Number of protein chains: 2
Amino acid sequence: MPVTAQPPSGGAQLLDRTVILLDLVADGGVEGLSLKDLAARSGLNTATCHRILNTLVGHKLLARDDKKRRYRLGARMAIYGVRAARGPGIISRCEIALSRLRRRTGDTTHLMARFNHDSVCLDRRDGECIVPTLTGSIGGFVPLGVGPGSIAMLAFLDEDEQDYIIRANLGRYASYRNLTEDKVRQLIADTRRRGYAVDMGELIPGIAGVGLPIMKPGEKPGAALSFTLLCAKLTPGVFERYGALLKEEIDAIVGQ
Amino acid sequence: MPVTAQPPSGGAQLLDRTVILLDLVADGGVEGLSLKDLAARSGLNTATCHRILNTLVGHKLLARDDKKRRYRLGARMAIYGVRAARGPGIISRCEIALSRLRRRTGDTTHLMARFNHDSVCLDRRDGECIVPTLTGSIGGFVPLGVGPGSIAMLAFLDEDEQDYIIRANLGRYASYRNLTEDKVRQLIADTRRRGYAVDMGELIPGIAGVGLPIMKPGEKPGAALSFTLLCAKLTPGVFERYGALLKEEIDAIVGQ
DNA sequence: CACAAAATCTCACATTATGAAAAAAGAGGT
DNA sequence: ACCTCTTTTTTCATAATGTGAGATTTTGTG
């Protein structure tokens, strides 16, 4: 689950390389990555990596475990993060809604956001039952089109953009259960007709989901709220009910 | 409330300059900052700023309001942020504790962390009464020594480091009510004796606070939990009770 | 519409980053 | 304790990269 591939850029090689390294470190997780790993994965010269990483550590954008010499994201990054995320951003605008949805249903709720060809989990509230999800916990990525929140966003983009994204993600769908380009297009059609996205345990056996995009009138969806629940708990009308709950919260969020 | 002054660094000028700009943008808040502002405040050449900012926007580390041409923190930053913050980091380890403290008392709780000569608010739960705080909301800074959480951390550093920090912050204390170097030293002494930090409305009239550092045995405090409450609500023994609540939660956090 | 201010682009220049290679510091293994 | 292999850190000649004054374009304003 890479943060993302490196996009092209405009005139600062060192920064491009820095971003490549930051992405790798961000994916390095708990244990962190060694210089050698980072050099290998980035394809950059070891000395260059070393210089960049050292500077980043100096600025606390990265932290280094001096014992094991591994790099992970640093304190300044966390600060930039809380400022970027809380702020007037989507995360803070959805905090209450997420908690309320969780409370009213007892099920796990997610806030997903669109990022290039992927969707990221920006926030979640765990339900009474622990359910496995494809994004894992907060910060996890999934190709756009995988999972209810993700499909919900994709479904309400305009067709050109959908095509573009689906084509860009083609090779990646195969690694998910029951997922093909056709299936994604089918799900999009269903979602548009129904108004909300539904997953009845197709992606992960036994795990269902409902998703609805957050979009201002006339704008493209940039985020979505979704539920994840056990198929065993499904009762007639849950999807409709959950869809309505999501709609209610999202209307309030968008209305602000 | 600057993120921080630029520390010296080791061998990548462009990155140093980038961090200067990122700090400025991070402080730019909701409205964001224009190229001209950023160039002026950073002291960098306009063209250089422009190039760096463009590249950062290309990588979505920054976002630019195309209408008003202002820069603010971008989506990738938010993602790095959630990964840095959630992760095994202090924020996720304190989430439950913060909520529980809030629930058991009804008062506002804060998670503060040490960052250079400052303390940052990394997380908070708002209490029943809206109380004004010096850090404002999440992401806000305050010099180490200002406020109960901040004093709690400072008090349990070793004396050399305390001195160093107090001296570094000397010029900044004057802008807070009733605060001088001597007062800070007094508060440190009180805190060490008492075991937890207390503010009885000295900094902001009518607003009291209790703070306790999060520290593993033998290590320096890197963070603190604190309460903020209205002086009007003070009853005999609240400070002791709140101190005990904080201790209980922190013991559990440290014990993991 | 004209004027001013800000943003963006250009390009000759040299400062800065580069990376191969050497040196140093760790990690094992016997 | 000693030697060997691996990983990290430093060095330094080279040139590629970033620099910034200024020209140009775009935007905002009276």
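In what follows, chains carry the letters A, B, and so on, assigned in the order in which the sequence lines appear, proteins first and then strands, with residues in each chain numbered from 1. These numbers come from a predicted model, not from an experiment.
At the phosphate of D/dT9, OP1 or OP2 sits under 4.0 Å from a side-chain N or O atom of A/His50. Checking the phosphate oxygens (OP1, OP2) of C/dT8, no side-chain nitrogen or oxygen of B/Asn54 falls inside 4.0 Å. Proximity of B/Arg51 to the phosphate of C/dC9: no side-chain N or O atom is located under 4.0 Å from OP1 or OP2.
Remark: B/Arg114 engages B/Glu161 in a salt bridge, criterion side-chain N to carboxylate O under 4.0 Å.
Closest of all the heavy-atom pairs between B/Met77 and A/Met77 is SD-SD, 4.1 Å.
For B/Arg41 and C/dA6, the CZ to P distance is 14 Å, given to the nearest whole Å. In this entry the distance linking NZ of B/Lys36 with P of D/dG20 reads 19 Å, nearest Å. Between B/Leu15 atom CG and D/dG18 atom P the separation is 11 Å, expressed in whole Å. Look at CG on A/Leu44: it is 18 Å from P on D/dA16, rounded to the nearest Å. As a whole-Å value, the separation of B/Asp37 CG from C/dA7 C1' is 13 Å. Between the CD atom of B/Gln13 and the C1' atom of D/dG20 there is a distance of 12 Å, rounded to whole Å. In this structure, B/Asn45 places its CG atom 14 Å from C1' of D/dA23, rounding to the nearest Å. Look at CG on A/Leu38: it is 13 Å from C1' on D/dT7, rounded to the nearest Å.
The side chain of A/Thr48 has C/dT18 as its nearest neighbour among C/dC9, C/dT8, C/dT18. Proximity note for B/Leu14 (side chain, C-beta onward) versus D/dT19, C/dT8, D/dT11: the nearest is D/dT19. The side chain of B/Arg69 sits closest to D/dT26 out of C/dA25, D/dT26, D/dG20.
When heavy atoms are screened at a 4.0 angstrom cut-off, A/Leu35 is found touching base atoms of the nucleic acid. Note on A/Arg70: nothing from the nucleic acid sits closer than 4.0 angstrom, heavy atoms only. Contacts of A/Arg17 with the nucleic acid, taken as non-hydrogen atoms under 4.0 Å apart, involve only primed sugar atoms and P, OP1 or OP2.
Using a 3.5 Å distance cut-off with no hydrogens or angles, the side chains of B/His50 and B/Asn45 do not pair a donor with an acceptor. Using modelled atom types and a 3.5 Å distance limit, the side chains of A/Arg51 and A/Asn54 yield no donor-acceptor pair.
Side-chain atoms of A/Arg72 never come within 3.5 Å of backbone atoms of A/Val25 as a donor-acceptor pair (strictly under, hydrogens ignored).
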